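Sequence positions, counted from 1, serve as the residue numbers for this chain. What you see is a predicted model; the values in this text were computed from it and never measured.
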Amino acid sequence: MSRNYNVIENEGMATIKAWTKGVPFEEQAQQQLKNIASMPMVHSHIAVMPDVHMGKGATIGSVIPSVDAVIPAAVGVDIGCGMVATKTTLTASQLPDNLSGIRHAFEAAIPHGRTGNKRRQRDRGAWHAIPEVVAAQWKTLEARFERICEKHPAIRRSNHVNHLGTMGTGNHFLELCLDENNAVWIMLHSGSRGVGNRIGTYFIELAKKEMERHQVNLPDMDLAYLSEGSEYFDDYVEAVEWAQDFARKNREIMMLNAIAALRKAIPVEFSTAELAVNCHHNYISREEHFGKACFVTRKGAVRAEKGEMGIIPGSMGARSFIVRGLGNPESFNSCSHGAGRVMSRTKAKKVYSVKDQIEATQGVECRKDEAVIDEIPHAYKDIEKVMDAQKDLVEVVYTLKQVVCVKG
């Protein structure tokens, strides 16, 4: 059987196996991956997903197994970012012809976006009065957070409980979708919000100081790492695993609130017990691959062990996929986390207009203004080609098309 990935080999570095056949693979991303592959802690090889594109520190769409060390910037600052999707018993015919009421109900139920000032109490993307469900879930996280802050007080100065159950900005979203059988799904994308950003930024800087202290030469300072047994290694792993738990609870709360909002918006009884998927795509995990226990950093990649369910969203106006992992060991049991950008947000805003955005999101109830042009589907790779490039990593279980989209 012919392999479905390309191989990049270079003397003195780990092999790079890239599932990029038929999709763009920018030279800057390739160079960034070569920098990572030259790092001494990389185990076996690096796996590259078809949505690959250049990121800060590590390449988005990369899977990096490491032994005895972790690279904080490879996880990044949106720790635990991921997806959750829930299938409902509703069908398309039970939805109203005009879906603006559902969009406005979603927008009212879930804080999203960010007010452009530094006054937290006025930020529309945060809670001002903490709801009971958020307070209850925060209590399950609080003791561990306090332990982390005792050692690293700077982390306390972050948005934490007031961001639990909120969406954020950028490519984070909440959608109402239809599958190929016209069943209605709710799907959303978010991570660990302000507190995850603070944890990521804080430990990235500590790792850089460690490299300077020990005079370690790196191809890129953003690849600064923490070695097992070093002063901050255990603290970072503890903090990042906590942030991942925060992110998962964040999505669970938003999903509960989205379901409640949908119940209020339409006069039809429904349940949501059929299928729910909640998966990270920016995180570290303790796993064993090719005979060694290691930390696997998935930066814009989803775990796809055999039989494991995952979510691969397209862009606004494109199809998304609920998938089942095939457990391909060469990819470290991983798949892509989406379509992947082909141009930066800044460039997209220069190249495309509101008219282009309206045409690209035809049939979707969503904002169609200058502030969301950076999320236009044209700024992303063709999701169909991305899926074809990873057909040996996952099988498609459901194909979704959004009809309502709320952007952060």
Side chains of Asn328 and Ser331: donor-acceptor distance under 3.5 Å anywhere? no

What distance do [X] atom [atom1] and [Y] atom [atom2] have between them, rounded to the nearest 0.5 Å?
| X | Y | atom1 | atom2 | answer |
| --- | --- | --- | --- | --- |
| Ile259 | Thr272 | CD1 | OG1 | 4.0 Å |
| Arg367 | Lys407 | CZ | NZ | 10.0 Å |
| Leu393 | Asn4 | CG | CG | 7.0 Å |
| Ile46 | Ile16 | CD1 | CD1 | 5.5 Å |
| Ile186 | Leu174 | CD1 | CG | 7.5 Å |

Going by the rule ring pair (Phe, Tyr, Trp, His ring centres under 6.0 Å), which residues pair with Tyr202 if we only count those two or more places apart in sequence or in a different chain? His152

Please say which of Lys299, His172, His281, Arg193 ends up in a side chain to side chain donor-acceptor pair (under 3.5 Å) with Asp78. His172

Quick check on side-chain contact (heavy atoms from CB on, under 4.5 Å): which of Asn35, Ile8, Leu33 does Met13 satisfy it with? Ile8

Check the pair Ser100, Glu365 against side-chain hydrogen bond (donor to acceptor under 3.5 Å, both in side chains), reporting the backbone distance first and the verdict last. CA-CA 6 Å; Ser100 64; Glu365 171 59 44; 5.1 Å; no

Ignoring hydrogens and geometry, is there a side-chain-to-backbone donor-acceptor pair from Glu287 to Cys294 under 3.5 Å? no

Any salt bridge between Arg319 and Glu384, counting N to O under 4.0 Å? yes

Taking the six-membered ring for Trp, is the centroid-to-centroid distance between His45 and Phe290 below 6.0 Å? yes

Salt bridge (charged side-chain N to carboxylate O under 4.0 Å, His left out) with Asp388: which residues, sequence neighbours excluded? Lys391

Should the pair Arg263 and Phe270 be classed as cation-pi, given the thresholds of under 6.0 Å to the six-membered ring centre and 45° from the axis? yes

